[in-house]
Every structure is written in structure tokens, then in C-alpha cells.
Amino acid sequence: MIIDFDDRKFKSEVKSIAKKYGAKSSDAEMVASMALSIVIKSSKPVKQ
């Protein structure tokens, strides 16, 4: 599956979810960065 991925929007969504669960802003940023790292490591580039 190929998706159009916007890393800034992804991080923003993850931070929003983390804050809803009570994470502090700095913790939410850390969670978002880790989640983005996981997505990048588990993905592979495709030629379009």
C-alpha cells in the first residue's frame, strides 16, 4: 500500500492523542518523535 504521508501532520496527531491521555507537552513531543521514528524504520522508500 502506498500512502501520501505528511510527517508534520502525523506528529501533530500523535501529540494530540498523547495529550488527551494526560501526557505533558514535552512527553507528548517525545512520544510523537518515537512514533515517527518507528514508522520510518518500518517503512521502505518507493519510486513513484
Side-chain angles (χ1 to χ4, degrees):
M1 169 175 40
I2 297 174
I3 58 171
D4 185 11
F5 185 79
D6 182 339
D7 58 329
R8 289 176 291 169
K9 184 173 181 181
F10 177 82
K11 282 182 76 173
S12 176
E13 291 294 329
V14 172
K15 284 192 278 188
S16 175
I17 292 168
K19 286 179 183 178
K20 285 180 186 176
Y21 283 95
K24 291 185 232 173
S25 192
S26 59
D27 292 336
E29 178 66 35
M30 182 176 62
V31 169
S33 294
M34 285 190 295
L36 181 58
S37 177
I38 292 165
V39 169
I40 291 169
K41 287 179 181 179
S42 64
S43 301
K44 65 179 182 176
V46 294
K47 295 182 182 179
Q48 296 181 355

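Note that the structure is predicted; figures quoted are calculated from it, not measured.
A continuous path of ILVMFWY side-chain contacts below 4.5 Å connects Val14 to Val39, so both sit in one hydrophobic cluster. Both Phe10 and Ile40 are members of a single hydrophobic cluster when ILVMFWY side chains are connected at heavy-atom separations under 4.5 Å.
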Would you give me the side-chain donor-acceptor pairs under 3.5 Å for residues 24-31, sequence neighbours excluded?
unit_1: Glu29; atom_1: OE1; unit_2: Lys15; atom_2: NZ; d: 3.0
unit_1: Glu29; atom_1: OE2; unit_2: Lys11; atom_2: NZ; d: 3.1

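The OG atom of Ser37 sits 12.0 Å away from the CG atom of Asp7 when rounded to the nearest 0.5 Å.
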